[in-house]
Amino acid sequence: MGKRNNQRKNKAMLDSDDENSSVSSSSTARSDLMSVSGTDEVQVDKDSLLEQALDALYEKRGSTREKALAAIIDAFNTNLQHQFVEKKFATLLHLCLNSIKKGSSKEISLACHAIGLLALTVGSGDNAHEILEESVIPIPQALKSQSDSSKTVSLVACLAIVTFVGATKTEETERSMQIMWQLLHPKLGSNVVAVKLPAVVITAVVSAWAFILTTMDGCSLNSKDWQEYISYFSTLLDKDDRSVRIASGEALALIFETGSIEKFAAENKTAPDGSVPEGNKSREGYTHILGLKSKILNQVRSLSAEAGGKGSAKKDLNSQRNLFKDVLEFLEDGYAPDISMKIGGDSLQTSTWSELIKLNFMKHFLGGGFIKHMQDNEFLQVVFGFMPKRKHLLGVEHQMSSGEKRMFRSPNSIQNKARTQFLNKQRMLSKDRNVGHFAVGMGDEYM
């Protein structure tokens, strides 16, 4: 079966309402800043407003800190705050971490968003790695209390972003993935009671887990882990909540795209000395994977043609059908969806599940700030291989401040480190990505 002639172009795959999902509107945040600073002045220098908001994070009253965080988020969404970050990076990070440790659920959510924006602003490098290492203890501690779904969702999104930007070793990425996996699939002891997660939390954790997986070489994970992941996500395809099913379908497509299934098959075809294993557990594990393959194909086929039911939102149903039609085509024929979206007058395109998952996650996290960041954030431009034409026309080099030039143009700049780090990861993934689907001799060669 050949590739479809009319690939969908950015219809159901990209969330159309994300532009409205930012933490606070510009007008609200600006008015909050005024009340935080205690001044009636309307025309205030932006740096001064940020300084006032930062000072307000020292206040004892939680509502004051919440307003300050909302204002900081708005400032980071609407402009790339390189000069402010250069001067106040450590202060902002530790004040936000303090909010995560001691604040209300709302304050924690805001602080998480601010930390994620801080990481995206500094890009890959020492500062981003510091954000990850400083966050990796307070975030899991805050996750132990799952009393508020919005707080949990924000914590997981923050961990995903700071890992995506700041992780420099495979073990660091795996550590964050394991934190998320423990939320989804906890190892229960004799004195531990399983907590049933709300659908919104399951969806968020699965999406964040898959987002981090896009930076991994799938072959670095062992076969036992893959078997556990595939089996669990298969069970989620049967859940009642449509958002859970969609997130799980994307995660499964990404797992297959990495080529790790072929690696799993090869591991269990021969022993290290080249001999064929004789009825061992590894062989049984591979046979189990083949059984899951058949089950998942049937699940995906059914979900791609679901009729819906009473009260079923048509938009959500169409999103599910379209998603699983793409997953089905990928599993059967190896073709990932081609997606194109306009950013200003420029086109950003994706042709793999990895790229699409990164794009959807980043679009959802940035909300109303997505377009601005894609147009001006060089770290994200490196990640997506996106260069706005207007940058060449406007002569961006001459418009940068001296501080921004140090951050982006020096040999050790964010831009160069980001390019090196992400291109290396993409090279590793691309080795297997074009053959990472079920259809290529999976059943016959090893049976």
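One is the number of the first residue; the rest follow in order along the sequence. Side chains are part of it too, since the values below use all heavy atoms of this structure and drop only hydrogens, waters and symmetry mates.
- Side chain of T203 to backbone of V200: no donor-acceptor contact under 3.5 angstrom is found.
- Applying the side chain to side chain contact (heavy atoms under 4.5 Å, CB included) rule to D55 yields no partners; only residues at least two apart in sequence or on another chain are considered.
- N127 has its side chain out of reach of I131: every pair of non-hydrogen atoms, C-beta onward, lies at least 4.5 Å apart.
- By the side chain to side chain contact (heavy atoms under 4.5 Å, CB included) test, H94 pairs with A90, L97, E130, E134, sequence neighbours left out.
- Within the structure, every pair that satisfies the salt bridge (Lys or Arg N to Asp or Glu O under 4.0 Å) test and touches residues 88-99, not counting sequence neighbours, is listed here: E51-K88.
- Contact of the T215 side chain with the F164 side chain is registered, since non-hydrogen atoms from C-beta on lie closer than 4.5 Å.
- Here the closest heavy-atom approach between residue L155 and residue C112 is recorded as CD2-SG, 3.4 Å.
- Side-chain N or O atoms of E257 include one that pairs as donor or acceptor with a backbone N or O of S354 at under 3.5 Å.
- In this structure, the side chain to side chain contact (heavy atoms under 4.5 Å, CB included) partners of Y58, at least two apart in sequence or on a different chain, are T91, L95.
- Among residues two or more places apart in sequence or in another chain, the side chain to side chain donor-acceptor pair (under 3.5 Å) test is passed with S154 by S109.
- Looking only at atom types and distance, the side chain of Q227 has no donor-acceptor partner in the side chain of S231 under 3.5 Å away.
- Between T352 and A336, the shortest heavy-atom contact is CA-CB, 3.9 Å.
- With contacts defined as side-chain heavy-atom distances shorter than 4.5 Å, the pair S347/K342 qualifies.
- The shortest distance between side-chain heavy atoms of L252 and V300 does not fall below 4.5 Å.
- Here the NZ atom belonging to K144 is positioned 11.5 Å from the CG atom belonging to L183, to the nearest 0.5 angstrom.
- With values rounded to the nearest 0.5 angstrom, D148 atom CG is found 12.0 Å from K106 atom NZ.
- With 3.5 Å as the limit, one finds a donor-acceptor pair spanning the side chains of S234 and Q299.
- To the nearest 0.5 angstrom, I202 atom CD1 is 10.0 Å from S149 atom OG.
- K151 has its side chain out of reach of L143: every pair of non-hydrogen atoms, C-beta onward, lies at least 4.5 Å apart.
- Residues I371 and L366 fail the side-chain proximity criterion, which asks for heavy atoms closer than 4.5 Å.
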Steps toward ring-ring contact (aromatic ring centres under 6.0 Å, His included) verdict (F365, H113):
CA-CA 8 Å; F365 181 81; H113 203 78; 4.4 Å; yes

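- A distance-only check finds a donor-acceptor pair linking the side chain of N377 to the backbone of L120 [under 3.5 Å].
- In terms of heavy atoms, R245 sits closest to F324 at O-CZ, 3.2 Å.
- Taking 4.5 Å as the limit, some side-chain heavy atom of L69 sits within range of a side-chain heavy atom of S99.
- In this structure the side chain of I161 reaches within 4.5 angstrom of the side chain of F361, judged on heavy atoms.
- Atom NZ in K372 sits 4.0 Å away from atom CG in D376 (nearest 0.5 Å).
- Relative orientation of the F233 and Y229 rings is tilted, given thresholds of 30° and 60° on the angle between their planes.
- At least one donor-acceptor pair closer than 3.5 Å links the side chain of T214 to the backbone N or O of F211.
- Remark: A210 engages A251, L254, I357 in a side chain to side chain contact (heavy atoms under 4.5 Å, CB included) (not counting sequence neighbours).
- Here the shortest heavy-atom pairing between R242 and D316 reads CD-O, 3.1 Å.
- A distance-only check finds a donor-acceptor pair linking the side chain of Q381 to the backbone of M374 [under 3.5 Å].
- A247 and V206 make their closest contact through O-CG1, 3.5 Å (heavy atoms, listed as atom of the first residue, atom of the second, distance).
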Start with the C-alpha gap between T168 and E172, add the side-chain angles, then the distance that decides, and say whether side chain to side chain donor-acceptor pair (under 3.5 Å) holds.
CA-CA 7 Å; T168 58; E172 294 169 348; 3.3 Å; yes

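- Interatomic distance, CZ of R175 versus CD1 of I212, reported as 10.5 Å (0.5 Å rounding).
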Take F84 and F76, measure what side chain to side chain contact (heavy atoms under 4.5 Å, CB included) needs, and give me the verdict at the end.
CA-CA 10 Å; F84 178 77; F76 274 71; 4.1 Å; yes

Check the pair W353 / V327 against side chain to side chain contact (heavy atoms under 4.5 Å, CB included), numbers first and verdict last.
CA-CA 9 Å; W353 286 103; V327 175; 3.7 Å; yes

List the steps and the verdict of side chain to side chain contact (heavy atoms under 4.5 Å, CB included) for H373 and M362.
CA-CA 10 Å; H373 272 262; M362 204 65 72; over 6 Å; no

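- A donor-acceptor contact under 3.5 angstrom links the side chains of S48 and Q52, judged on distance only.
- Not one N or O on the side chain of Y232 forms a donor-acceptor pair closer than 3.5 Å with the backbone of W181.
- The closest donor-acceptor contact from the side chain of Q320 to the backbone of L303 lies under 3.5 Å.
- The structure places CG of L118 at 11.0 Å from CD of Q81, a figure rounded to the nearest 0.5 Å.
- Residues G249 and L237 share a closest heavy-atom pair of N-CD2, 3.8 Å.
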